[in-house]
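So you know, we letter chains A, B, ... as the sequences are listed, proteins then strands, and number each from 1.
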There are 4 protein chains.
Amino acid sequence: MAGETQITLVGNLTADPELRFTPSGAAVANFTVASTPRTFDRQTNEWRDGEAMFLNCSVWRQAAENVAESLTKGMRVIVQGRLRARSYDDREGNRRTVFEVQVDEIGPSLRYATARVTRTPSGGGGGNWSGGGAQSSYGGGQQQSGYQQQAPGGQQDWGQGSQGGGQAQQVNDPWANAQSDEPPF
Amino acid sequence: MAGETQITLVGNLTADPELRFTPSGAAVANFTVASTPRTFDRQTNEWRDGEAMFLNCSVWRQAAENVAESLTKGMRVIVQGRLRARSYDDREGNRRTVFEVQVDEIGPSLRYATARVTRTPSGGGGGNWSGGGAQSSYGGGQQQSGYQQQAPGGQQDWGQGSQGGGQAQQVNDPWANAQSDEPPF
Amino acid sequence: MAGETQITLVGNLTADPELRFTPSGAAVANFTVASTPRTFDRQTNEWRDGEAMFLNCSVWRQAAENVAESLTKGMRVIVQGRLRARSYDDREGNRRTVFEVQVDEIGPSLRYATARVTRTPSGGGGGNWSGGGAQSSYGGGQQQSGYQQQAPGGQQDWGQGSQGGGQAQQVNDPWANAQSDEPPF
Amino acid sequence: MAGETQITLVGNLTADPELRFTPSGAAVANFTVASTPRTFDRQTNEWRDGEAMFLNCSVWRQAAENVAESLTKGMRVIVQGRLRARSYDDREGNRRTVFEVQVDEIGPSLRYATARVTRTPSGGGGGNWSGGGAQSSYGGGQQQSGYQQQAPGGQQDWGQGSQGGGQAQQVNDPWANAQSDEPPF
DNA sequence: TTTT
DNA sequence: TTTT
């Protein structure tokens with residue numbers, strides 16, 4: 001008995017994902033995707049950009065850690081998930097509602113980029129299956145060290161001003177505290 | 001006036017993608033995604049695997065080349081596209097129909113894997129923008145050679161029997177010839 | 001070259017659709033869909049309702065007129081479309097953004113209801129065709145009268161207070177004037 | 001933890017739905033949707049029809065009965081569901097696989113047609129609610145008779161030859177027997 | 001096997 | 001502002 005608000009979103013990260021942990025240790029990554037609709041104008045026979053749309057996304061557990069490790073500001077991603085609303089009262093006491101995508105699957109788009117995929121050691125998750133895998137035989141050590149070296153460079157490359165993006169933080173902010181141990185969805 | 005057969009598919013590659021070129025030089029990559037539906041059985045309170053589904057996918061142009069370079073047998077991917085049917089007559093003269101996903105967006109899933117994304121030089125495509133971009137500073141040569149070395153290992157790792165998967169071939173088979181210069185979709 | 005923000009929404013109308021016409025005579029129907037996510041809680045082994053989500057939808061041309069004629073407050077619908085954002089400044093000068101679904105296809109859900117479908121005379125639209133008109137075999141009169149009796153009760157059942165819902169209005173409000181002759185999407 | 005093969009399908013019924021019951025009394029409706037992709041050819045500046053695609057669909061319980069009562073050959077529908085594969089061996093011993101959409105939500109499209117919705121008495125289902133019942137203000141009788149006149153014509157219009165479509169049958173064919181009490185999905 |  |  002499904003049949004809900006399925007959404008498939010394509011766009012670019014407005015900033016590096018933010019990784020957090022609930023008190024019980026569950027990882028959550030939050031990020032915003034900017035999606036600019038392009039429509040083909042039959043009159044003028046050319047493409048027109050619509051107004052950009054910014055959607056907050058949130059992803060849990062192992063995927064959250066993978067997202068924080070793999071994605072940075074500007075990258076184009078594909079997101080499959082369910083649209084949700086969260087209401088709150090702003091400082092003036094007005095009821096506001098915010099939309100958020102609960103991510104089921106996410107990955108970098110290969111439309112304008114290539115990706116080198118590395119399987120996440122399924123420790124602690126009970127992951128039932130696969131994914132990458134390719135690089136494990138590459139000669140662990142070499143691959144590993146390569147990875148370590150690369151990370152910083154990649155950071156700088158995006159000219160991002162945000163420090164700590166994609167870095168884990170065991171925060172104690174209100175939001176984190178408000179989170180239960182388990183994903184609410 | 002849209003409103004068609006939108007499909008969002010998650011599953012694993014059954015083999016390395018096959019990259020081909022139409023006579024006029026347009027790239028096409030074909031691959032098959034195996035998707036095993038999991039349903040939560042409320043009686044027994046556990047997850048049950050359904051019958052695996054195998055879907056052919058085809059992607060064009062720059063994305064085709066990126067797919068061939070990035071994805072290998074076994075990897076989990078997210079695919080967004082439109083479902084199509086192709087009919088043909090088999091050797092016994094029976095009309096058969098084959099389903100195929102025309103890929104709009106594809107990427108490796110980050111559920112069980114990480115990915116290092118590198119922006120494709122937008123040469124010859126007029127691509128309006130990008131994703132990745134990060135790895136340019138990794139020191140091209142090193143990265144490159146690393147790739148060459150890694151490829152074979154990765155290959156073996158998935159226990160695949162198909163040789164040449166992911167390799168470009170300027171084929172002249174009937175199918176390639178039948179293709180026009182432009183994607184039919 | 002597609003690959004956008006596809007959304008498929010299921011929920012209930014919060015009110016009767018509002019039908020308007022652009023100066024040049026193009027029909028637009030606007031309505032809001034309330035969608036309450038239900039998730040199966042594996043701990044307690046029961047279904048839990050999430051926070052309701054309210055999404056504005058807009059549909060154009062013949063479909064707009066059909067929507068206004070067919071749908072009323074409370075009905076469950078399926079909507080297929082693309083999610084868009086519209087920004088504006090509120091009275092305090094704050095930039096607000098509103099989400100809206102540009103409807104590609106819409107229909108009443110048959111999950112808890114039946115529907116008697118009547119093809120719209122394709123006058124003025126060039127629509128290539130349509131749906132049904134099946135019920136002739138039900139024994140018109142009997143079925144009909146049964147329907148008549150039900151209708152009023154059903155109405156009250158919905159407890160809707162809005163009068164004039166689903167009625168066309170050649171409005172001249174700013175929004176209508178702002179609209180061009182053609183759908184902006 | 002979802003993230004599967006979501007499909008949203010728009011097309012026309014190739015025949016009236018077939019309603020069956022499992023031994024334990026659960027209703028199932030099967031039908032085929034023909035979907036003809038239309039693409040806008042930028043060269044010639046006109047729409048082109050692609051090859052038609054035929055997809056089997058199956059829907060369960062109350063919705064199955066509603067479908068059988070509401071939909072007939074030729075009608076345009078919107079279907080939201082999950083794509084599945086079913087394998088079998090044909091008479092020559094070849095393994096064949098058939099695709100099928102497990103319907104989550106379905107309804108008649110309002111693009112070229114109107115619909116009069118009537119809430120299904122939620123007897124025996126526990127359905128939490130429904131749509132329908134709006135048209136009371138149209139002036140029942142008049143509207144009704146208008147409908148009656150249209151119905152037969154519409155019927156013939158469709159030139160449908162299949163009799164008994166949409167009629168319930170407590171079949172005992174192999175397939176029905178193979179079905180368990182509960183939907184397999 | 002098929003719809004518009 | 002709201003539906004079930």
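- When rounded to the nearest whole Å, the span between CG of D/Asn56 and P of E/dT3 equals 14 Å.
- Per the geometry, CE belonging to D/Met53 stands 16 Å off P belonging to E/dT2, to the nearest Å.
- Spacing between atom CD of D/Glu51 and atom C1' of E/dT2 amounts to 13 Å, rounded to whole angstrom units.
- Between the P atom of F/dT2 and the CG atom of C/Leu71 lies a distance of 21 Å, rounded to the nearest Å.
- In terms of the side-chain contact (heavy atoms from CB on, under 4.5 Å) criterion, residue partners of B/Asp90 (sequence neighbours excluded) are, by chain and number, B/Tyr88, B/Glu92, B/Asn94, B/Arg96, D/Arg96.
- Partners of A/Arg91 according to the salt bridge (charged side-chain N to carboxylate O under 4.0 Å, His left out) rule, which considers only residues two or more places apart in sequence or in another chain, do not exist here.
- If you take CG of B/Asn94 and P of E/dT1, they are 8 Å apart, rounded to a whole angstrom.
- Rounding to the nearest 0.5 Å places OG1 of D/Thr120 at 8.0 Å from CG of C/Leu110.
- Atom CD1 of residue D/Ile78 and atom CD of residue D/Glu105 lie 10.5 Å apart, to the nearest 0.5 angstrom.
- Distance D/Arg38 CZ to E/dT3 P: 17 Å, rounded to the nearest Å.
- Look at CE on C/Met75: it is 22 Å from P on F/dT2, rounded to the nearest Å.
- No hydrogens or angles were tested; on distance alone, nothing pairs the side chain of D/Ser35 with the base of E/dT3 as donor and acceptor under 3.5 Å.
- Among the nucleotides E/dT2, E/dT3, F/dT3, the one closest to the side chain of C/Thr36 is F/dT3.
- B/Arg95 has its CZ atom 10 Å from the P atom of E/dT2, to the nearest Å.
- The D/Phe54 side chain lies nearest to E/dT2 when the options are F/dT2, F/dT3, E/dT2.
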